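To keep things clear, I will list the structure first and then write my remarks on it.
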Amino acid sequence: MNLLDGVRVLDLSRILAGPWATQVLADFGADVIKVERPGAGDDTRGWGPPFLKDADGTDTTESAYYLCANRGKRSVAIDFTLPQGQALIRALAARCQVLVENYKVGGLAKYGLDYPSLRVLNPALVYCSITGYGQDGPYARRAGYDAAIQAIGGLMSVTGEPDGAPGGGPQKVGVAATDLMTGMYAATAILAALRHAERTGQGQQIDLALLDTQVAWLANQASNWLVGGQVPGRQGTAHPNIVPYQVMPAADGHFMLAVGNDAQFARLCEVIDEPWLAADARYATNNCRVAHRAGLVSLLQQRLRTRTVAEWLQRLERALVPASPVNRIDQVFDDPQVRARGLRIDLPHASGDTVPAVRNPLRFSATPLQYQHAAPLLGQHTAQVLEQVLSLDADRLRELQAAGVVGGA
């Protein structure tokens with residue numbers, strides 16, 4: 001049994017935030033029907049290299065980017081700019097519990113695929129709209145892109161080295177963090193709205209904006225300003241509220257030191273043979289260490305350069321002081337803990353080969369997640385879905401294909 005057995009999701013989203021949300025729902029066992037443009041598909045299909053290679057080692061048209069966010073779904077190629085395509089989408093929406101879309105505000109209304117139109121057909125429909133800036137406000141009509149949202153939403157102002165330091169200036173996070181967080185908020189909102197629909201028979205529209213998400217997950221940085229009135233700045237790898245909590249140099253590289261309380265700091269001082277630091281009034285408590293950050297960090301950096309990363313990590317682990325290596329991606333997947341947790345999975349693909357992927361991090365004791373297949377080929381399931389869900393026969397499918405309304409793999 002899967003968590004979301006019996007839940008059907010119509011996925012009209014592209015790129016990352018929406019597909020990430022619907023991939024989570026697919027991992028949970030929902031039947032996710034991904035609607036794509038015939039002949040083109042999701043924009044990310046072309047976002048490479050790298051591309052998945054076939055048995056001969058030749059690049060296919062399946063990009064690694066597309067593969068990361070679309071496993072477990074069924075792809076249906078429908079051109080809903082055409083009246084017959086719109087009719088198909090409406091028929092599918094009437095038979096789904098959830099619809100996810102990330103078109104510009106009002107973009108689907110001209111096709112009769114907006115929430116007010118579909119609610120008439122399916123009052124219990126949970127309709128999740130993901131946009132850059134939300135359904136209202138002065139920016140509502142703007143297109144939203146992750147990097148732009150990281151900038152306007154404040155994340156770049158607290159990411160990167162300080163102005164004046166080597167490499168200083170605004171930086172974006174190394175993955176599309178705002179898109180990913182929006183996808184996770186979308187998944188949780190959809191599950192909550194489904195619960196409401198089950199109780200009341202009434203669906204609703206979820207208005208989810210990338211900017212709203214970005215501002216919400218500024219978390220302690222936002223609270224630092226709201227409560228303390230001081231605008232946070234960029235501190236590299238350092239933490240605004242905890243010291244020492246940043247990347248530190250060793251004799252042969254760097255490692256992350258994450259001292260979270262005064263007892264851990266005292267043990268750190270023992271490890272580096274400087275026990276007096278823990279008794280020094282400037283450093284005895286975290287709030288004192290924050291106030292005297294520069295002097296303490298400079299002292300620690302000098303001391304930690306005397307041994308290798310491996311030596312410090314070994315000593316710190318024995319002393320129960322949190323620290324970790326700064327791994328490259330290849331080292332991540334070779335890490336013993338990552339391997340033990342089985343975070344890499346290999347999924348069957350329509351090409352006949354398997355596709356490496358990263359498993360969903362959630363683990364359920366009673367209903368372990370079951371991964372069915374890798375991301376689908378464009379239009380791979382068009383005939384299957386239209387036959388199973390809409391009961392269209394082969395003759396009708398051929399007519400729609402001849403008219404350019406639908407496509408197949």
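Worth saying up front: this structure is predicted, and the values here are computed from it rather than measured.
Distance CG/Leu10 to CZ/Arg95: 12.0 Å, rounded to 0.5 Å.
Without hydrogens or angle criteria, Arg305 side chain to Ala251 main chain gives no donor-acceptor distance under 3.5 Å. When atom types are taken as modelled, the side chain of Ser13 and the backbone of Val100 share no donor-acceptor pair closer than 3.5 angstrom. Remark: side-chain polar atoms of Arg303 are paired, donor with acceptor, to backbone N or O of Ile272 under 3.5 angstrom. Without hydrogens or angle criteria, Asp146 side chain to Asp179 main chain gives a donor-acceptor distance under 3.5 Å. Between the side chain of Arg267 and the backbone N or O of Val321 there is no donor-acceptor pair closer than 3.5 Å. Side-chain atoms of Thr182 come within 3.5 Å of backbone N or O of Thr178 as a donor-acceptor pair. When atom types are taken as modelled, the side chain of Arg307 and the backbone of Glu311 share no donor-acceptor pair closer than 3.5 angstrom. The main-chain N or O of Gly72 is never found under 3.5 Å from a side-chain atom of Gln372 such that the two would form a donor-acceptor pair. No donor-acceptor pair under 3.5 Å is formed between the side chain of Ser223 and the backbone N or O of Ala219. Judged purely by atom type and a 3.5 angstrom limit, Asn70 has no side-chain atom pairing as donor or acceptor with the backbone of Leu67.
A donor and an acceptor atom, one from each side chain of Asn286 and Asn261, are nowhere located under 3.5 Å apart. Judged purely by distance below 3.5 Å, without hydrogens or angles, the side chains of Gln171 and Thr159 never pair a donor atom with an acceptor atom. Counting only N and O atoms by type, the side chains of Arg74 and Gln384 include a donor and acceptor under 3.5 Å apart. A donor atom on one side chain and an acceptor atom on the other are not found under 3.5 Å apart for Gln401 and Arg396.
You'll find the side chain of Ile33 stays beyond 4.5 Å of the side chain of Lys73, heavy atoms only. Residues Ile130 and Asp207 are not in side-chain contact: their nearest non-hydrogen atoms beyond the backbone lie 4.5 Å or more apart. Contact check for Phe265 versus Val243: no side-chain heavy atoms found under the 4.5 Å cut-off. Side-chain contact check for Gln246 versus Gln301: some heavy-atom pair is nearer than 4.5 Å.
Taking a cutoff of 4.0 Å between a charged side-chain nitrogen and a carboxylate oxygen, Arg45 and Asp42 do not qualify as a salt bridge. Using a cutoff of 4.0 Å between basic side-chain nitrogens and carboxylate oxygens, Asp43 and Arg37 are scored as salt-bridged.
No more than 12 heavy atoms of other residues, nucleotides or ligands sit less than 6.0 Å from atom OH of Tyr139. Shown here is Gln135, whose CD atom has more than 12 heavy atoms of other residues, nucleotides or ligands within 6.0 Å.
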Practice task
Output, in order, the C-alpha distance, side-chain angles, deciding distance and verdict of side chain to side chain contact (heavy atoms under 4.5 Å, CB included) for Leu257 and Trp312.
Solution key: CA-CA 10 Å; Leu257 179 65; Trp312 283 127; over 6 Å; no

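With sequence neighbours excluded, the residues that form a side-chain contact (heavy atoms from CB on, under 4.5 Å) with Thr58 are Asp54, Asp56. Every side-chain contact (heavy atoms from CB on, under 4.5 Å) that Ser63 has, sequence neighbours left out, goes to Phe51, Tyr65, Tyr66.
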